[in-house]
Amino acid sequence: MYTTSRFKAEWQRRHNPAMDLSGDVDFYYDVYRRLHRIAGRGAGLMRDGVLIDLLMYIENNATVSLDPQYEMMYRSIGDLVGHWCKALGAYGKDGSAIYSCVAEAVAAAPAEGSLRRWIKESVLSGDFRRLEDMAIFFVRKDSALRLLFHNLGFSEKRYMELAGSERASALRMYWSDMAFNWLDKKGLSILRRLAGRFRRAECENEVAGNLLTVGAEQLNVYLPRERNGGRTLALVNRDGRVFNDVMFSAPLPKGYEGRCFIGLLAAYLGHTYVIGSGAWCDRDVFASWNSGMLWQKIDSVAKENATNTVLTMPFGKKESLSDGLPKTPQSPEDAYCSDLGIYIDEPNVLDFLDWLKPAERSFCSNKTI
């Protein structure tokens, strides 16, 4: 079991370094000790990392409730608490005790916790780099999204090629791409989902409003136009779209006027920013670049992988990831049910319970003894 100091260090490592976790770290350490005692009762596997995953889920559920939305939306995630119970080897009474502990912790956790406060501060600062750090946190650290992204990393190779040997820059661009451009099966980005969690409180409407101004462009190629200040340029893509006053995070290189820029752009509060560092290339690349073909190839590889990934549903049915999980049902009734985590192609437990009622089993009532 982690000591208090060891737990605080690990809890901070699982969050953004800029987050102040002092307000509720003692609460989560207490929950950790309870979970540790339960998991240690049986013959299961004692994994502190899994317990931290459970705590991250509790924190998310209590403060922004983002994970439960994806949990119900995607069967590839399924029952997250059950997923970690299985990883711990906690079944039967021990598994039930973990479920109860998680439910109690979610109810008792500070609603205005460190995570929610940090999100609000990052958004209300108006600083795009703080917003970017916050968005990347969910891609890298969120328990549900890390399970969901297991087959979505095929664009990572492209960023590695762009960044060359600068692995940190490549990963930053990849994470930012997922944070700003990935859309769930309802067509919403992570930040737009997050905005919905702040709309409900009138005092937090400004947070939601700021998040709703975010827009992003996928990886593309641009030619530089006039310069406006040290790190601000007008850019134009191959379709002729002009992006004025684009703010770069790094100084512009010498001779940039004769080169083209490959990178990700995002709009926030009326301004346009380069996400990550991007790459400056020979001008010839601009003429040969085909963004549509690039993403079509990446998508096809991801789809092939999803087709070959077989998952077992809770009732034993086997389905490929691409066939059954990410798509939205066509019928409004089916779509409503899938939003609640109910799928019509799975057995209905309530129907089974009805079947067990003696009054409704005619073959039993007509039986002669």
In the structure I gave you, are the side-chain heavy atoms of [X] and [Y] within less than 4.5 Å of one another anywhere?
X    : Y    : value
I275 : D177 : no
D48  : H36  : yes
L223 : F261 : no
E206 : L124 : yes
R33  : R37  : yes
I98  : L54  : yes
E121 : M134 : no
T272 : N244 : no

Answer yes when R193 and D184 have at least one side-chain N-carboxylate O distance shorter than 4.0 Å, and no when they do not.
yes
If you look at every heavy atom in [X] and [Y], which pair is closest and at what distance?
X    : Y    : value
E257 : P224 : O-CG, 4.1 Å
K141 : M56  : O-CE, 3.9 Å
Y99  : C85  : CE1-SG, 4.2 Å
A208 : R199 : CB-CG, 3.7 Å
R225 : V242 : NH1-CG2, 3.6 Å
N181 : E217 : ND2-O, 3.5 Å

Please work out whether the ring planes of W118 and F137 are parallel, tilted or perpendicular, with thresholds of 30° and 60°.
perpendicular
Would you please test R227 and Y256 for side-chain contact (heavy atoms from CB on, under 4.5 Å) and show each step?
CA-CA 11 Å; R227 184 173 183 171; Y256 74 88; 3.2 Å; yes
Can you tell me if [X] and [Y] form a side-chain donor-acceptor pair at under 3.5 Å?
X    : Y    : answer
D142 : N60  : yes
D245 : T232 : no
H83  : E71  : no

Would you please test V274 and R231 for side-chain contact (heavy atoms from CB on, under 4.5 Å) and show each step?
CA-CA 10 Å; V274 171; R231 298 185 181 183; over 6 Å; no
Supply the atom-to-atom distance [X] [atom1] to [Y] [atom2], rounded to the nearest 0.5 angstrom.
X    : Y    : atom1 : atom2 : answer
L131 : S125 : CG    : OG    : 8.0 Å
K8   : S22  : NZ    : OG    : 8.5 Å
D133 : W175 : CG    : CH2   : 11.0 Å
I119 : L211 : CD1   : CG    : 8.5 Å
I262 : W289 : CD1   : CH2   : 4.5 Å
T63  : R117 : OG1   : CZ    : 10.5 Å

Same cluster or not: [X] versus [Y], using hydrophobic residues (I, L, V, M, F, W, Y) connected whenever any side-chain heavy atoms lie under 4.5 Å apart?
X    : Y    : result
I38  : Y29  : yes
L80  : Y91  : no
F138 : Y174 : yes
L188 : M178 : no
Y222 : L252 : yes

Intermediate values then yes/no, ring pair (Phe, Tyr, Trp, His ring centres under 6.0 Å), Y273 and F248:
CA-CA 6 Å; Y273 301 86; F248 285 71; over 10 Å; no
Run the ring-centre check on Y57 versus Y28 and record whether the distance is less than 6.0 Å.
no
Without swapping roles, check the side chain of [X] against the backbone of [Y] for a donor-acceptor pair under 3.5 Å.
X    : Y    : answer
N61  : S65  : no
H15  : W11  : yes
D282 : V285 : no
D127 : R129 : yes

Mind running salt bridge (charged side-chain N to carboxylate O under 4.0 Å, His left out) on D53 and R47 for me, showing each step along the way?
CA-CA 10 Å; D53 282 336; R47 296 178 175 175; over 6 Å; no
With a sphere of 6.0 Å drawn around CZ of R6, does it hold more than 12 non-hydrogen atoms of other residues, nucleotides or ligands?
no
Within a 6.0 Å radius of atom CZ on R34, are there more than 12 heavy atoms belonging to other residues, nucleotides or ligands?
yes
Walk me through whether V31 and V102 qualify under side-chain contact (heavy atoms from CB on, under 4.5 Å).
CA-CA 8 Å; V31 178; V102 169; over 6 Å; no
Set out, in order, the CA-CA distance, both residues' side-chain angles and the distance that settles side-chain contact (heavy atoms from CB on, under 4.5 Å) for D79 and V81, then state yes or no.
CA-CA 6 Å; D79 173 14; V81 178; 4.0 Å; yes
Set out, in order, the CA-CA distance, both residues' side-chain angles and the distance that settles ring pair (Phe, Tyr, Trp, His ring centres under 6.0 Å) for F180 and F128, then state yes or no.
CA-CA 12 Å; F180 286 89; F128 177 76; 5.7 Å; yes
Ring-face cation contact, F198 with R116, 6.0 Å cut, 45° max:
yes
